[in-house]
Every structure is written in C-alpha cells, then in structure tokens.
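Both ligands and their constituent atoms are indexed starting at 1 by order of listing.
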Amino acid sequence: MSEGPLYPLRFDPIYQYRLWGGRRLSGLLSVPLPGDGPVGEAWVLSDRTDHQSLVANGPLKGQTLGQVMEQYREQLMGKLASRFRRFPLLLKFLDAQQMLSVQVHPSDAHPELIPAGDTAKTEAWVVIEAAKGSHIYAGLRPETTASNLRQSLDDGTVVDHLLGIDPKAGDAVFIPAGTVHTLGNDVVVFEVQQNSDVTFRLYDWGHIDPKTKEPRPLQVDQAFACINFGASNGGLVAPRVEMAAPVEREGLFDCPAFQLWRVLGQNPFPVGATAEPRVLVGVEGSGQIVHNGTPYAFGRGDIWLLPAETGECAFQPSGEVTLLEIAIP
Ligand SMILES: [Zn+2]
C-alpha cells in the first residue's frame with residue numbers, strides 16, 4: 001500500500017518575534033534564528049493561512065502543509081480525511097524568557113467567542129528546559145471568583161489567584177480550553193494545541209512592547225466570558241507508563257483533540273500507525289526513521305509528519321533518544 005506519493009515529511013520552523021522571547025531556540029533547532037531580537041515561538045507544524053509550514057525534504061520540498069492537505073488529503077489523513085480540511089493541530093516550541101500574558105482560550109461551549117473558521121483551543125506543554133525561578137501557572141485557586149479575580153487585575157495581584165508549578169525538564173502540563181494560564185522566566189517548552197489562534201489576554205505584567213512602545217491590548221471581557229471557574233482537570237500530568245521494553249513508552253496527554261506519548265530508549269521501535277497520521281518530535285538524541293528501506297535522518301528539534309499511507313515505520317536510535325509521538329484521536 002505504500003507506493004503512493006507520500007513519505008515521511010520534515011518541516012522547517014517558522015520563527016516569530018515575541019517581546020517575551022529569547023534566543024534559546026538556537027540551541028534546539030538546526031535552522032538559524034533570524035536577526036538578534038527576541039524569538040518567542042517556533043511554529044514547527046502549522047496549517048494557518050498566514051503562517052504555512054513548508055516541507056523541507058524530498059519531492060514535495062517547498063510545498064505548504066495546506067497544499068499537501070489539499071492534494072493528498074486521503075493519503076495524508078487516512079481515516080480522518082473526511083473530518084478535517086485543515087491539519088487540526090498547531091505545534092510550536094516556545095522560549096519564554098519573560099512571563100507571557102495571563103491568558104485563556106475559549107472552549108466549544110462558547111461559539112460566539114470563536115471567529116468563523118477557527119476552533120476552540122486546548123493545549124499542552126512538555127518542558128524542554130527550565131531554570132531556577134521559571135514559572136508555569138495553570139488554573140485558578142478554588143476560592144477565586146469572577147469578582148475577586150477582576151479586582152486583582154486592578155490591584156496587580158492576579159498571580160495570587162493562579163495555581164503555580166515550578167517546572168523542570170520533562171514535566172507535562174495540560175491546559176484545557178477555559179483554563180487561565182501563563183509561563184515564563186526562562187523556560188522552553190514544546191506545545192501541542194488545536195489549530196486555533198484565539199487568545200484572550202487578561203493581564204500582561206505591565207509589559208511595554210519595544211516595537212510599538214505601547215502595552216499590548218487586553219481582552220478582559222472575552223476572557224471572563226470563557227474562564228472555567230472552579231475545579232479543572234488541567235495542570236501537571238503524571239505520565240502513565242504503557243510499555244517498558246524494547247523502549248519506555250509513556251502516555252502524557254489523552255484528550256479529544258490530541259494524544260501524546262513520550263518514547264525513551266536506545267533499541268529500535270515502531271513509530272507511525274496504519275491509516276492515520278502521526279507526528280514525531282525530537283527532544284533528545286538522534287536516529288533514523290526507516291520507511292520502505294529508505295532511512296530518514298532524525299535529529300533533536302526535528303518535526304516529522306508520518307502520513308497515514310506510510311503506516312508503521314521503524315525508528316532506529318543512534319544511542320539514547322527521547323522523542324514525542326502525537327496522534328489525532
Ligand atoms: Zn495559551
């Protein structure tokens with residue numbers, strides 16, 4: 001079945017200026033960072049009209065993810081082909097040198113807050129690097145209400161309402177839509193999220209954007225309309241070990257929008273799945289993906305999309321490797 005036009009596809013990162021960003025993505029990704037200003041985000045798999053990921057290898061090199069979706073949707077998406085016109089996930093690395101805005105994304109319960117063509121946004125982070133003093137906040141304290149949270153925006157005490165995590169490399173944090181969240185103070189994460197750009201900023205720490213000399217706009221009323229007050233299923237996730245040999249395979253996230261596993265080891269193991277696409281993300285180490293006898297070199301910071309029609313492939317590590325595998329349920 002695997003003599004079709006598709007093969008394991010690698011994509012180049014799209015770097016984004018952010019006032020809260022840094023230069024640490026240069027140590028993770030092989031494509032050099034632009035300029036010398038702060039780069040906060042590398043969009044590593046994006047089917048957004050304004051920022052399209054480009055295939056970096058093979059006969060389809062230079063094509064956008066959107067073009068591949070349009071021309072080869074069946075071969076790429078397999079049994080998911082009829083459900084999605086756009087690739088449903090947006091994948092990024094973030095280098096949060098300073099704190100991001102305190103923000104929230106809407107859930108499907110608030111269609112009035114989601115522009116036509118966009119979706120709700122549940123997201124999740126896997127911490128790549130963290131420092132002493134790095135912060136992640138995910139969710140509100142149980143005693144927080146709409147009225148005392150609104151008061152805290154005026155007082156500058158919003159952080160007192162947030163549930164904090166002292167992140168360390170390898171931590172997994174789940175942020176369901178409706179969860180107030182932020183991160184920063186020198187932390188690098190991999191981010192998986194629904195393919196949506198709908199963010200409502202609640203508070204921005206008094207940041208002034210040096211490009212515009214202005215504070216960035218807030219969307220406090222929209223944010224309050226979609227905040228999930230009360231108990232949340234977000235926050236730090238305990239990995240579930242699903243397999244110990246030939247490599248360790250842990251389930252980190254399992255929600256209606258995405259599933260994500262972490263694979264650690266040095267023995268060969270299978271990646272990809274029949275009739276559905278999978279994405280691989282290189283966290284540590286290197287190796288090769290082997291499809292139909294052809295090896296594809298896989299390195300740290302790499303993003304590979306395994307089309308449905310390539311099915312299961314073999315991964316051959318060169319020594320100890322850590323990678324993430326992502327599925328669309
Ligand atoms: Zn967010």
Side-chain angles (χ1 to χ4, degrees), residues 14 16-22 25 38-46 48 50-51 88-110 113-115 118-128 130 134-140 149 153 158-159 161-165 167 171-185 187-205 207 209 216-229 232-237 252-253 255-258 260 326:
I14 303 166
Q16 309 271 9
Y17 163 84
R18 297 288 184 264
L19 69 93
W20 43 260
L25 296 178
V39 173
E41 305 189 5
W43 291 24
V44 289
L45 194 65
S46 166
R48 305 282 311 167
D50 48 349
H51 297 292
L89 300 179
L90 177 58
L91 309 181
K92 305 176 180 178
F93 286 104
L94 309 183
D95 172 9
Q97 202 62 42
Q98 301 178 47
M99 295 302 293
L100 272 72
S101 60
V102 179
Q103 58 184 253
V104 64
H105 311 292
S107 73
D108 288 319
H110 295 283
L113 295 171
I114 301 173
D118 238 321
T119 66
K121 179 146 116 173
T122 284
E123 64 190 25
W125 298 324
V126 178
V127 177
I128 306 292
S134 298
H135 284 306
I136 289 181
Y137 294 100
L140 296 172
L149 183 62
L153 298 178
V158 65
V159 74
H161 289 283
L162 306 178
L163 293 173
I165 296 164
D171 280 351
V173 182
F174 183 56
I175 315 277
T179 304
V180 177
H181 61 280
T182 184
L183 82 171
N185 288 351
V187 59
V188 176
V189 302
F190 171 76
E191 179 175 72
V192 50
Q193 55 186 216
Q194 288 175 273
N195 185 356
S196 168
D197 213 11
V198 191
T199 296
F200 300 127
R201 287 195 199 107
L202 202 56
Y203 180 74
D204 202 22
W205 313 97
H207 284 159
D209 190 332
R216 297 185 301 172
L218 302 176
Q219 300 83 26
V220 173
D221 290 337
Q222 293 97 319
F224 271 83
C226 64
I227 290 173
N228 181 14
F229 289 92
S232 142
N233 58 344
L236 200 57
V237 167
L252 300 187
F253 308 118
C255 71
F258 49 81
L260 184 148
I326 301 166

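Expressed to the nearest 0.5 Å, how far CD1 of Ile128 lies from CG of Asp95 amounts to 11.5 Å.
The aromatic rings of Trp43 and His51 sit perpendicular, their planes meeting at an angle over 60°, well past the 30° parallel limit. Note: Phe258 and Phe253 have perpendicular aromatic rings, judged against thresholds of 30 and 60 degrees for the angle between ring planes.
Angle OE1(Gln103) to the Zn ion (ligand 1) to NE2(His181): 90° [nearest 10 degrees].
Residues that satisfy the side-chain hydrogen bond (donor to acceptor under 3.5 Å, both in side chains) test with Asn195, not counting sequence neighbours, are Arg48.
At a threshold of 2.8 Å, the Zn ion (ligand 1) has no backbone or side-chain N, O or S atom of Glu191 nearer than that distance.
Restricting Glu123 to its N/O/S atoms, the shortest distance to the Zn ion (ligand 1) is reached by OE2.
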